Amino acid sequence: MAFSELGLSPEILQAVSEAGYTTPTPIQEQAIPHVQLGRDVLGCAQTGTGKTASFVLPMIDMLAAGRGRARMPRSLIIEPTRELASQIASAFEVYGKYHRLTMALLIGGESFTDQEKKLDRGVDVLIATPGRLLDLYGRGKILLQDVRILVIDEADRMLDMGFIPDVERIVGLLPKERQTLFFSATMPPEIKRLADFFLSDPKEIAVTPPASPAETVKQSLLVVGPADKREALFRLIRSEDVKNALIFCNRKRDVDLLSRSLARHGFDVAALHGDMAQARRTLTLERFKNGEIRLLAASDVAARGLDIAGLSHVFCFDVPHHAEDYVHRIGRTGRAGREGRSFMLAVPEDAKAVSAIEKLIGREIPRGRIDGLAETPLEFVPGGSRLPPRVEGRPPRKSFSSQNVPRQTTSQDIPRQAKRRPENEGQREKTSDPRREGGPTITGNPQTPRRNGDTDAAVGFGDHLPAFLARRPKHTL
DNA sequence: AAAAAAC
């Protein structure tokens with residue numbers, strides 16, 4: 001089948017062919033006719049299946065007649081992340097280049113005024129992440145009664161991210177009479193229930209991706225000692241023919257640390273995670289996509305859905321805690337029939353997480369090795385994947401500090417600490433690690449400034465507090 | 001255990 005048989009307008013066909021596509025993917029072939037007929041669609045499809053074009057193409061034609069009135073968008077697309085929302089906006093630009101559709105991208109981290117101006121001028125297509133959409137709605141900047149087409153994309157991911165209440169609120173603001181297109185990579189019962197609620201008599205379309213990344217991407221697993229991880233990564237990048245690569249870490253701060261370390265070692269690298277200013281996020285991703293940056297160290301904000309043409313390598317610097325994330329991460333490469341390569345670095349205690357991944361993908365990840373680095377076996381720890389962190393210079397203690405020492409609050413305690421906090425704030429930040437500072441900074445004295453919510457105050461030691469009790473749980477820092 | 005998303 002060819003695109004020309006789908007009943008799309010000549011303008012769309014022109015734009016599609018200029019983008020280099022001739023044949024629709026299965027989901028496009030199945031969904032487009034139903035979307036054109038105004039039917040609701042429940043699409044079970046992962047990224048990389050051509051899902052985006054399956055709604056963008058017919059929507060452009062359907063919206064071609066008519067004009068969005070001020071603050072009254074005619075269609076709404078909800079996406080879980082800012083990057084995905086931007087990507088959908090680009091798709092509308094590419095395929096809508098011969099139409100005069102107006103579009104607004106409502107995402108957080110960018111100025112309200114530009115977005116409000118666009119809304120005031122009237123938009124045909126509104127693409128948004130839930131938070132900013134509700135914010136603008138709350139400010140009276142959007143009226144949703146003209147929305148005739150709603151797209152909920154990546155529903156399972158929105159569920160994971162706790163967005164479903166927001167999505168339900170948004171849908172509650174839309175007219176009942178509308179067309180709804182609902183996409184999700186998986187259909188767990190909660191998602192199905194949600195779909196039943198949002199959709200009426202939908203056409204159900206399920207496409208299994210032609211081949212899952214686990215099959216198209218050539219994968220390797222390297223088990224190294226924790227201290228060797230960076231060196232292992234450096235060697236891998238140097239020895240592989242890396243055109244461009246995503247490097248995933250589990251934590252945002254590790255993304256920063258690793259990208260700085262790579263930069264120090266002369267690699268062409270940038271960082272991407274959700275704590276960065278939006279302007280830098282956008283610019284960084286754009287430069288990476290353009291090939292101006294070769295390596296991108298990223299959190300899982302980049303794990304799903306991002307379409308980076310011709311990405312040669314994915315490195316998992318950390319083993320993801322959720323096995324599905326592994327599939328999403330490596331799925332950034334090996335797309336559109338191209339060859340992709342992935343390497344995952346594991347430390348011995350990642351054994352459990354690794355076997356969860358192997359169970360999910362139904363195969364063993366081939367073990368690789370790096371010249372000059374010691375091979376380490378995975379280590380199965382009964383009852384847990386991770387050893388408790390050790391305190392230097394002291395044998396692991398039998399959880400004295402984790403005993404629940406009840407916090408005894410005196411009546412004058414709380415108001416005082418609240419009042420005293422600001423003036424000591426800066427100082428506390430610097431001396432927050434009593435081990436490094438060579439002594440306890442917290443005493444049992446209620447005059448000592450403390451943070452609200454502290455539960456680790458010790459009783460029964462008078463003014464002296466043993467250092468091990470002064471260690472604060474991470475979340476109070 | 002962490003990431004994402006509103007200011």
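Chain letters run A, B, ... following the sequence lines, proteins first, then strands; residues in each count from 1. In this text, all values refer to a predicted model and were calculated from it rather than measured experimentally.
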**Student:** Counting side-chain heavy atoms from C-beta on, which of dA3(B), dA5(B), dA6(B) comes nearest to D135(A)?
**Tutor:** dA6(B)

**Student:** Taking 4.0 Å as the cut-off, does a side-chain nitrogen or oxygen of R281(A) come that near to OP1 or OP2 on dA4(B)?
**Tutor:** no

**Student:** Quick one: D153(A) CG to dA4(B) C1', roughly how many Å, whole number?
**Tutor:**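 So the CG-C1' distance, D153(A) to dA4(B), works out to 15 Å.
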
**Student:** How close or far is atom P of dA6(B) from atom CG of D275(A), stated in whole angstroms?
**Tutor:** 13 Å

**Student:** The side chain of T81(A) lies closest to which of these nucleotides: dA2(B), dA5(B), dA3(B)?
**Tutor:**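 Taking heavy atoms from C-beta onward, the closest nucleotide is dA5(B).
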
**Student:** dA3(B) P sits how many Å from L306(A) CG, rounded?
**Tutor:**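 Atom-to-atom, L306(A) to dA3(B), this comes out as 17 Å.
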
**Student:** Could you walk me through whether H328(A) and D300(A) pass the side-chain hydrogen bond (donor to acceptor under 3.5 Å, both in side chains) test, one step at a time?
**Tutor:** CA-CA 9 Å; H328(A) 291 296; D300(A) 278 325; over 6 Å; no

**Student:** At less than 3.5 Å, do the side-chain atoms of H322(A) and the base atoms of dA1(B) form a donor-acceptor pair?
**Tutor:** yes

**Student:** Within this structure, what is the CE-to-C1' distance between M276(A) and dA3(B), rounded to whole angstrom?
**Tutor:** 15 Å

**Student:** Whole angstrom is fine here: how far is it from CE in M158(A) over to P in dA5(B)?
**Tutor:** 12 Å

**Student:** For dA6(B), does either OP1 or OP2 sit under 4.0 Å from a side-chain N or O belonging to T129(A)?
**Tutor:** yes

**Student:** State whether R82(A) places a side-chain N or O below 4.0 Å from either non-bridging phosphate oxygen (OP1 or OP2) of dA5(B).
**Tutor:** yes

**Student:** Examine dA2(B): is either OP1 or OP2 under 4.0 Å from a nitrogen or oxygen in the side chain of R253(A)? Give yes or no.
**Tutor:** no

**Student:** Could you check how far OH of Y326(A) sits from C1' of dA1(B), rounded to whole Å?
**Tutor:**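 Going from Y326(A) (OH) to dA1(B) (C1'), I get 20 Å.
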
**Student:** Using the six-membered ring of F112(A), assess whether NZ or CZ of R139(A) lies under 6.0 Å from its centre and within 45 degrees of the ring axis.
**Tutor:** yes

**Student:** Between Q115(A) (side chain) and A104(A) (backbone), is there a donor-acceptor pair under 3.5 Å?
**Tutor:** no

**Student:** Let me have the donor-acceptor pairs involving side chains of residues 153-168 of chain A, under 3.5 Å, with sequence neighbours excluded, atom names and distances please.
**Tutor:**
from, atom 1, to, atom 2, distance (Å)
D153(A), OD1, K51(A), NZ, 3.0
E154(A), OE2, K51(A), NZ, 2.9
D156(A), OD1, S184(A), OG, 3.4
D156(A), OD2, A185(A), N, 3.4
D156(A), OD2, T186(A), N, 3.0
D156(A), OD2, T186(A), OG1, 2.8

**Student:** With respect to the side chain of R251(A), which nucleotide from dA1(B), dA6(B), dA4(B) is positioned closest?
**Tutor:** dA1(B)

**Student:** Roughly how many Å is it from CZ in F163(A) to C1' in dA5(B), rounded to a whole number?
**Tutor:** 4 Å

**Student:** Would you say dA4(B) has OP1 or OP2 under 4.0 Å from some side-chain N or O of S299(A)?
**Tutor:** yes

**Student:** What nucleic acid atoms does G162(A) come within less than 4.0 Å of, heavy atoms only: base, sugar-phosphate, or nothing?
**Tutor:**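 Nothing, no heavy atom under 4.0 Å.
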
**Student:** Mind jotting down which residue pairs meet the side chain to side chain donor-acceptor pair (under 3.5 Å) criterion with at least one end in residues 221-231 of chain A? Sequence neighbours excluded, please.
**Tutor:**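 Residue pairs with at least one partner in residues 221-231 of chain A: K229(A)-D318(A), R230(A)-S261(A), E231(A)-R235(A).
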
**Student:** Rounded to whole Å, how long is the line connecting atom CG of L136(A) with atom P of dA5(B)?
**Tutor:** 16 Å

**Student:** What is the nucleic acid contact for R139(A), judged by heavy atoms within less than 4.0 Å: base, sugar-phosphate only, or nothing?
**Tutor:**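 If one applies the 4.0 Å heavy-atom cut-off, R139(A) turns out to touch nothing in the nucleic acid.
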
